[in-house]
J.: 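Structure in structure tokens, see below.
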Amino acid sequence: QQSHQLINLPHQARNSNITNLKHKLFSENHKDVCTGISYCVPYIQCPAHVRNEVKNICKSVTGLEGICCSSGQNHTEPGHKKLHGRHHVVRMNAHTMDLIARHSQEKIHEFQVKESVLLADGYFVFPGSPSYDHFKNFKLMSKTDLSAVLDLASRAMEIALATRDFKNRQGLTNDEIEVGMLEQDLSATPLGVACPPKPKCPVIPVRYRRIDGACNNELNSAWGSGMTPYSRLLPPSYKDGIWMPRLSENGGVPLVSPRLISTTLISDKDVFNYDYTLMVMQFGQFLSHDITQSLEFSFINGSAISCCSLDGRMKLPHQDRHYACMAIDISPNDPFYGRFHQKCMNFVRSVLAPRQDCTLGYAQQMNKITHFIDGSSIYGSTPEQTGKLRNFEKGMLRIFNDFGRSMLPLSEDPDECLSKEQNSACYLSGDSRTNQMISLVALHTIFLREHNRVAYELAKLNPHWNDERIFLEARQIVIAELQVITYKEFLPIVVGNAAMEEFRLSLSQGLDYSYDYDPSVEPSVTNEFASAAFRFGHSTVDGLLKIFGKERMDEMIFLPEIMFQPNRMRKLFFMDELLSTLTTEPLQQVDNNIAEALTRYMFRAGNAFGIDLASLNIQRGRDHGLRPYNDYRELVGLTRIKSFDELNPKLRDKLKSVYESVNDIDLWVGGLLEEKAPESIVGFTFRDIIADQFYRLKKGDRYFFENHPSINPGFFTPEQLQQLRKTSMSRLICDNSDGTLLARQAPNAFKKPGVEGNEFVDCNSMEIPNINLIFWRE
Ligand code: HEM
Ligand SMILES: [Ca+2]
């Protein structure tokens, strides 16, 4: 395998593992036990602003090194700054409050008027263009959803505008906004309309998770539910401290265009990682669609906002531009788009969500779906959506019976997929992005069938159970299976064993319960995870799907041909062939190579060119106020990069040519190019952001499947837990494929098959254990 050292670690860290590195940097302050009110946590879980000047290294329960942290595991709540005595609360009197409220309401009204003019004048994205298909990723499934989201977004916008007004009146600094000094509760004030509604929960907790994710945490009933903000590892970096995209560090000028960064740094070479299969990629995307979806602002009728002229040759002038526009500049010399005279790539900023604490402060982006790993991409994140997916008979989910094969139900939205001819297919699931990629459709189909398989078995075992009971029990089992695959099979590959230990991510064994739940851990997805770190996956995509028949390669499919056109799923052998590809073809290395299918032709929908996902990732990071890469290095316990000379010679000059300062490097770019952490497929910075996220999703989820009955209202029995822990992706494939091709399977679907320890075995083999549902008989 090739070396892929792209960004080197600082000198002292080279050739050392993370424990050594941290030891070397801070060993003089080693402590075994933290004193006072501090706890030993991994670096990333201790907010930078509450770390002591002297970094006290400690040994955590697992024996690995962490840092003594005065906020325990409560991460990065900005309010913690007050612990250091640097905090004062800025208050507003009633008169000022009235003025500010009126002013921001007027401003919102102005926005709305302009919006309707733009809409009437046709400044929306037209069907058939790549940007139109990009927008499908953010499209809402129903009118109710659309109005709920736009309502929350406008309330949040009102708060952002009020904050700006207040900041200007009081002469506050960005820092003061960023660390959250505006603690005044707005609920009983004219700005109170902007406070988010708090879900009401029954006194006796319900056995099954709520579809919308609410009522998981007893004190903070909205934590982790859909349509709430992402949390943050570090305060945001905005030009105005509130919502305007950050500028370069030195000159205070706009950062260079993401597209130039993309063309300078990213190429399309196949560098395979032969240890793992493409399933790591495909399950990764499936999992990300369970836990994160940001939405772009849209017009009130749901159509997509355009920020570029119709022919893509220029940005719309200011007067014709929506306030959420942040179009990406394309240079006339662009090696690809230049040919097509494209100078503008559409980009609309993400929808905001009201701040959970009901105070003034910086803008926060909304996560549309439930943050928890709770099968929301299978079942939906709203009761309305779930209702559309259920059969209401014997606990089953609806299917489309395609000549005897159970497929996802067909979508009724004529606009959802590209091909509209007769007999074409376009599917419906709990997540609106399903049709984006055909192999994603395949995973959705596997999980749909698994639900129905389990429901069928449960109904046989418990004839007295009604539809509702069977549905809820089957859903609970499928969610547990998803959690087992994530923590047992997927994560050890992505973050490696050291991080699994350091962040205590491994599941308990055998008949044991877990007592890990900590109600003070915020389970929400972090903005850094969603908008940068977990997008490492885009580099693992292979631009060609190689489809093998029984004997030879049948087809090489260029990905853009199957984006939003999953017709091939109707072909008799295709689903199994596709699963075979996912479980045998190698993963692509996480590096500066990304398939042109994603950087030139994504969503091209029959056009000569599509859009560039790398540019979108970089621009999204800026839209969401992510801080530069260096700040997150520091957060995970690495040293800051001080000069471009510390970087790998191969990319140093290129990075220098696009970034004025090392402190400007975008998180997604820096993290992607970093040298791999030991046993991990990503570098330390992404590794820790990802590990921290899955720590929150386990430790902060009361309903996590293995939690003890004293914690988890939906607890399993020890015998059931033992069964659930046997789940594997291979078992799900064995049980739910069409059975036309895949009688044999390697036990670990994520690892290279056919080698020692992962030989192909019969689907009946004990190597791919079954879950015995007999333990669910009541
Ligand atoms: C198969 C091909 C894939 C395509 C075509 C694709 C496409 C996209 C697009 C268009 C977006 C929204 C970009 C934006 O405007 O900000 C996105 C977001 C994202 N992608 Fe992918 N992606 C793919 C695979 C993956 C994989 C394999 C992973 C992870 C392992 C992944 C993780 C994510 C994450 C975490 C987001 C952010 C979601 C959100 O918070 O809204 N994607 N992807
Ligand atoms: Ca979810």
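Order of appearance sets the numbers: ligands from 1, and atoms from 1 within every ligand.
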J.: Does Arg696 make a cation-pi contact with Phe529 (under 6.0 Å, within 45 degrees of the axis)?
T.: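 Verdict for Phe529: no cation-pi partner in Arg696.
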
J.: Does a donor on one side chain sit under 3.5 Å from an acceptor on the other, for Asn593 and Gln588?
T.: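 Their side chains do not contain a donor-acceptor pair, so the 3.5 Å distance test is not met.
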
J.: Taking the side chain as every heavy atom from C-beta outward, state whether Lys752 and Asp275 have any pair of such atoms under 4.5 Å apart.
T.: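 No, their side chains stay 4.5 Å or more apart.
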
J.: Tell me if a side-chain donor or acceptor on Asp623 pairs with a main-chain N or O of Ser350 at a distance below 3.5 Å.
T.: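 Here the side-chain-to-backbone pair exists.
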
J.: Report the part of Ala530 (side chain from C-beta onward, or backbone N, CA, C, O) that has a heavy atom under 4.0 Å from ligand 1; answer both or neither where that applies.
T.: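 Near ligand 1, Ala530 shows its backbone as well as its side chain.
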
J.: Is the positively charged end of Arg390 above the ring of Phe471, judged by distance under 6.0 angstrom from the centroid and angle within 45° of the axis?
T.: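 Judged by the rule (NZ or CZ under 6.0 Å from the ring centre, within 45° of its axis), Arg390 counts as positioned above Phe471.
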
J.: Counting heavy atoms only, which part of Leu598 comes closer than 4.0 Å to ligand 1: side chain, backbone, both or neither?
T.: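 The answer is the side chain.
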
J.: Distance alone, cut at 3.5 Å: any donor-acceptor contact between the side chains of Glu522 and Ser524?
T.: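 Per modelled atom types, Glu522 and Ser524 side chains form a pair under 3.5 Å.
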
J.: On the six-membered ring of Trp243, is Arg349 placed so that its NZ or CZ lies under 6.0 angstrom from the centre and within 45° of the ring axis?
T.: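 Checked: cation-pi criterion met.
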
J.: Could you tell me the residue and atom name of the protein heavy atom closest to atom 10 (C) of ligand 1, and the distance to it rounded to 0.1 Å?
T.: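 Protein heavy atom at minimum distance: Phe603 CE1, 3.5 Å.
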
J.: Which residue and atom name correspond to the protein heavy atom nearest atom 9 (C) of ligand 1, and how close is it?
T.: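 The closest one turns out to be Leu613 CD1, 3.6 Å.
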
J.: Which residue and non-hydrogen atom of the protein lie closest to atom 29 (C) of ligand 1, and at what distance in Å?
T.: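 Closest protein heavy atom to atom 29 (C) of ligand 1: Phe534 O, 3.4 Å.
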
J.: Do Lys136 and Phe564 meet the cation-pi criteria used here (NZ or CZ under 6.0 Å from the six-membered ring centre, within 45° of the axis)?
T.: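 Geometry flag: set, cation within 6.0 Å and 45°.
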
J.: Identify the protein heavy atom lying closest to atom 2 (C) of ligand 1, giving its residue, its atom name and the separation to 0.1 Å.
T.: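 That would be Met437 CG, 3.7 Å.
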
J.: Quick one: look up the protein heavy atom nearest atom 7 (C) of ligand 1 and list residue, atom name and how far away it is.
T.: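 It is Gln436 NE2, 3.3 Å.
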
J.: Only one of Tyr323, Phe347, Phe135 forms a ring-ring contact (aromatic ring centres under 6.0 Å, His included) with Phe297, so which one is it?
T.: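 Only one option passes, and that is Tyr323.
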
J.: Given that the side chain starts at C-beta and the backbone is N, CA, C, O, which of these parts of Phe138 lies under 4.0 Å from ligand 1, counting heavy atoms, or is it both or neither?
T.: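 The part of Phe138 near ligand 1 is the side chain, not the backbone.
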
J.: Considering distance alone, does some N or O of Thr292 sit under 3.5 Å from an N or O of ligand 1?
T.: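 Between Thr292 and ligand 1 (N or O atoms, distance only) the closest approach is under 3.5 Å.
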
J.: Could you tell me whether the Ca ion (ligand 2) has an N, O or S atom of Ser381 under 3.0 Å away?
T.: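 Here the distance criterion (N, O or S atom, under 3.0 Å) is not met by Ser381, so no.
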
J.: Can you tell me if Tyr230 contacts ligand 1 (heavy atom of the residue under 4.0 Å from the ligand)?
T.: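 Yes, Tyr230 has heavy atoms under 4.0 Å from ligand 1.
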
J.: For the Ca ion (ligand 2), give me the closest N/O/S atom belonging to Asp374, just the atom name.
T.: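 This turns out to be OD1.
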
J.: In the protein, which heavy atom is nearest to atom 27 (C) of ligand 1, and how far is it?
T.: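 Minimum-distance protein heavy atom for atom 27 (C) of ligand 1 reads Met281 O, 3.2 Å.
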
J.: Geometry only, no angles: is Arg620 polar-contacting ligand 1 at N/O separations under 3.5 Å?
T.: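 It does: an N or O of Arg620 is found under 3.5 Å from an N or O of ligand 1.
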
J.: Answer yes when Lys315 and Asp329 have at least one side-chain N-carboxylate O distance shorter than 4.0 Å, and no when they do not.
T.: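 Salt bridge between Lys315 and Asp329, a charged N being under 4.0 Å from a carboxylate O: yes.
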
J.: Rounded to the nearest 10 degrees, what's the angle OG1 of Thr370 makes with O of Phe372 at the Ca ion (ligand 2)? Could you check?
T.: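 Rounded to 10°, it measures 110°.
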
J.: Under 3.5 Å, is there a donor-acceptor pair between the side chain of Lys488 and the main chain of Thr727?
T.: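 At least one qualifying donor-acceptor pair exists.
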
J.: Test Tyr230 against every option in Thr526, Thr292, Asn527 by the side chain to side chain donor-acceptor pair (under 3.5 Å) rule and name the one that passes.
T.: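 With Tyr230 as partner, side chain to side chain donor-acceptor pair (under 3.5 Å) holds for just one option, Thr292.
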
J.: Starting from atom 26 (C) of ligand 1, which protein heavy atom do you reach first, and at what distance in Å?
T.: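 Protein heavy atom at minimum distance: Gln285 CB, 3.6 Å.
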
J.: In ligand 1, which numbered atoms sit nearer than 4.0 Å to a non-hydrogen atom of Gly284?
T.: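 Per the distance check, 29 (C), 30 (C).
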
J.: May I have the step-by-step check of side chain to side chain contact (heavy atoms under 4.5 Å, CB included) for Asn435 and Met563, ending in yes or no?
T.: CA-CA 7 Å; Asn435 296 297; Met563 289 177 177; over 6 Å; no

J.: Taking SG to SG, are Cys344 and Cys308 separated by less than 2.5 Å?
T.: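 Yes, because the SG atoms of Cys344 and Cys308 sit under 2.5 Å apart, which meets the disulfide cut-off.
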
J.: Answer side chain, backbone, both or neither: which part of His134 comes under 4.0 Å from ligand 1, heavy atoms only.
T.: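 The answer is the side chain of His134.
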
J.: So which protein heavy atom does atom 36 (C) of ligand 1 come closest to, and at what separation?
T.: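 Closest protein heavy atom to atom 36 (C) of ligand 1: Arg535 NE, 3.7 Å.
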
J.: Looking only at N, O or S atoms in His538, which is nearest to atom 21 (Fe) of ligand 1?
T.: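 Checking each N, O and S atom of His538, the shortest distance to atom 21 (Fe) of ligand 1 belongs to NE2.
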
J.: Would you say the Ca ion (ligand 2) has Ser376 as a near neighbour, meaning an N/O/S atom of that residue under 3.0 Å away?
T.: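 Given the 3.0 Å cut-off, Ser376 counts as a ligand of the Ca ion (ligand 2).
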
J.: Can you name the atoms of ligand 1, numbered from 1 with element, that are less than 4.0 Å from a heavy atom of Ser294?
T.: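 Here the atoms of ligand 1 in question are 39 (C), 40 (O), 41 (O).
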
J.: Is it the case that ligand 1 has an N or O less than 3.5 angstrom from some N or O of Arg433?
T.: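 Between Arg433 and ligand 1 (N or O atoms, distance only) the closest approach is not under 3.5 Å.
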
